[in-house]
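Residue numbers run from 1 in the order of the sequence given.
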Amino acid sequence: MSPPHNPASVDVLGVGINATDTIIRLPYFPARDSKVEIISTSMKPGGQVASAMVACRRWGLRARYVGKVGDDAAGKFQREEMAREDVEAHWIKARESRSQSAFILVDEKSTERTVLWNRDPRIALRPKDLRREWIRGARVLLVDGHDTAAATRAARWAREERIPILGDFDNCYPGIEALLEYVDFPITSRDFPERLTGEKDLLQSLPKIFSKFKCHLMAATLGPLGVIAWDGVRFILCPGFRVKAVDTTGAGDIFHGAFLYAMVRGMVLEETLEFCCAAAALNCTAVGARGRIATLREIENFRQRSARSERAFDSKALASAARAASLQGPRKVK
């Protein structure tokens, strides 16, 4: 569907987190009461929603971002980076406040990361910070689950404007269920469905969430094993792509940016999930949340040529779980 003829219209809109990350590369993760020489340190822009908007802009979409920063150097850095990326940004500045920051320890041996973060409560995005005109004219909205009251207001406005809503959720913050009432496409971390439902088995928790919140699609990312999705009838498993990972920071952010891109471009679901997994995998081959936002051509070549991960679930298990979910029908999450 073509966007409305409106000079203020954009393809993608993001309301949510930005962060300034200090990446600290270590030869191995330090043991308690030990000393380890640092390989390198670097300051990078990050944040779930902010990074997704940057990815979409680099892929040629018109992107708008709404977020909050402090009046410190990190906030200035965020504003400058978004301007450099040519993303239309609407910033709310909190006076005498620190912007969100994180120190990310990257273990060179395992490529696993440990995030040490701090967030001044004064930079929480609040409903009163938002303007409805920022929502209008977007083709799709991305929200995260951090400042749920503000995200819910944005999502409610988007629903009234008939704008589809994508959600990026990793933790069950207060108000998350009210927000989920408006989200059409929740794509969560692997652990989020269990945190919300108490059900450890993804093949049971995904249909439960789908039924309760009447989603169009419910999915969970699986790290290097890709993504699993439930559309109300079937499970769709997309294995991941094998890469020599350097830093997994931002993989989920770029996955969600890729999903937005695929929605705007009208890709079918299987192609969408493959595109997302490929874009996320490539981002892991460099340092930082936006370490390697590959070009569309690079992603396509990578999709065609690269080896895939093992399957997180076999076909028989998926078919059996789909039958069970269909027989149970709509059920409420406890």
Side-chain angles (χ1 to χ4, degrees), residues 1-19 45-69 78-79 81-93 124-169 179-187 215-217 250 252-267 272 276 279 289-290 293:
M1 181 178 71
S2 298
H5 181 66
N6 179 347
S9 68
V10 291
D11 295 308
V12 294
L13 164 66
V15 177
I17 288 289
N18 64 83
Q48 288 168 252
V49 174
S51 295
M53 292 303 102
V54 168
C56 287
R57 185 69 191 100
R58 289 197 194 176
W59 294 327
L61 299 184
R62 297 162 296 174
R64 177 183 298 152
Y65 172 72
V66 178
K68 198 167 186 175
V69 290
Q78 284 295 328
R79 298 194 304 272
E81 282 296 303
M82 204 63 83
R84 186 177 66 82
E85 295 285 358
D86 194 30
V87 173
E88 176 194 327
H90 298 273
W91 295 102
I92 299 93
K93 188 188 295 186
L125 196 62
R126 305 186 186 284
K128 65 181 182 181
D129 293 327
L130 303 178
R131 298 181 185 177
R132 186 158 184 156
E133 57 263 31
W134 294 341
I135 307 300
R136 293 194 184 103
R139 295 179 66 174
V140 59
L141 167 67
L142 171 66
V143 295
D144 60 40
H146 289 265
D147 300 323
T148 51
T152 300
R153 174 168 288 187
R156 185 175 69 249
W157 284 344
R159 175 68 59 83
E160 292 169 358
E161 299 283 340
R162 297 186 178 181
I163 298 167
I165 302 149
L166 172 65
D168 180 357
F169 306 127
L179 174 55
L180 277 164
E181 295 286 351
Y182 293 99
V183 176
D184 303 300
F185 301 91
I187 300 181
C215 312
H216 295 319
L217 182 80
D253 311 343
I254 303 309
F255 186 103
H256 286 80
F259 198 93
L260 291 170
Y261 178 87
M263 289 177 69
V264 171
R265 294 300 185 221
M267 293 184 189
T272 293
C276 294
R290 307 171 195 173
I293 301 176

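Shortest non-hydrogen contact noted between Asn18 and Ala50 is CB-CB, 3.7 Å. Scanning all heavy atoms of the two residues, the minimum distance from Gly60 to Arg265 falls at O-NH2, 4.3 Å. Across every non-hydrogen atom of Pro45 and Gln78, the tightest pair is CA-NE2, 3.9 Å. Annotation for Leu142 and Ala52: closest pair CD2-CB, 3.6 Å, computed over non-hydrogen atoms. Taking both residues in full, the closest heavy atoms of Leu130 and Val66 are given as CD2-CG1, 3.9 Å, listed atom of the first, atom of the second, then distance. For the pair Val87 and Ala63, the tightest heavy-atom approach, listed with the atom from each and the gap, is CG1-O, 3.6 Å.
Side chain of Lys68 to main chain of Ala124: a donor-acceptor pair is present (N/O by atom type, distance under 3.5 Å, no hydrogens or angles). Tyr65 contributes a side-chain N or O that, together with a main-chain N or O of Gly16, makes up a donor-acceptor pair within less than 3.5 Å. For the pair Arg126 (side chain) and Ala150 (backbone), a donor-acceptor distance under 3.5 Å is absent.
Taking 4.5 Å as the limit, some side-chain heavy atom of Val54 sits within range of a side-chain heavy atom of Met82. Within the 4.5 Å cutoff, side-chain heavy atoms of Val12 are placed close to those of Met53. Side chains of Val143 and Thr152 form no contact here, defined as non-hydrogen atoms less than 4.5 Å apart. You'll find the side chain of Leu180 reaches within 4.5 Å of the side chain of Phe169, heavy atoms only. Within the 4.5 Å cutoff, no side-chain heavy atoms of Val49 are placed close to those of Val15.
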Working note: Arg159 + Asp184, criterion side-chain contact (heavy atoms from CB on, under 4.5 Å); need CA distance, chi angles, decisive distance, verdict. CA-CA 9 Å; Arg159 175 68 59 83; Asp184 303 300; 3.5 Å; yes

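Qualifying salt bridge (charged side-chain N to carboxylate O under 4.0 Å, His left out) partners for Glu161, counting only residues two or more places apart in sequence or in other chains: Arg132, Arg136. Every residue was checked against the salt bridge (charged side-chain N to carboxylate O under 4.0 Å, His left out) condition with Asp253, not counting sequence neighbours, and none meets it. Evaluation of the side chain to side chain contact (heavy atoms under 4.5 Å, CB included) rule for Ala19 yields Asp21, Gln100 as partners, not counting sequence neighbours. Remark: Trp157 pairs with no residue by the ring-ring contact (aromatic ring centres under 6.0 Å, His included) rule, at least two apart or across chains. By the ring-ring contact (aromatic ring centres under 6.0 Å, His included) test, Tyr261 pairs with Trp59, Phe275, sequence neighbours left out. Every residue two or more places apart in sequence or in another chain was checked for a salt bridge (charged side-chain N to carboxylate O under 4.0 Å, His left out) with Arg79, and none qualifies.
For the atom pair Arg57 CZ and Glu88 CD, the distance stands at 10.5 Å (nearest 0.5 Å). If you take CD1 on Ile17 and CG on Leu125, they are separated by 8.5 Å, rounding to the nearest 0.5 Å. In this structure, Leu141 CG and Leu260 CG are separated by 8.5 Å, a value rounded to the nearest 0.5 Å. Of the inter-residue distances, the one linking His256 atom NE2 with Leu166 atom CG reads 5.5 Å to the nearest 0.5 angstrom. Atom CD in Glu181 sits 11.5 Å away from atom CD1 in Ile165 (nearest 0.5 Å). Distance CG/Asp11 to CZ/Arg64: 10.5 Å, rounded to 0.5 Å.
Side-chain N/O atoms of Asp168 and Gln48 include a donor and acceptor closer than 3.5 Å.
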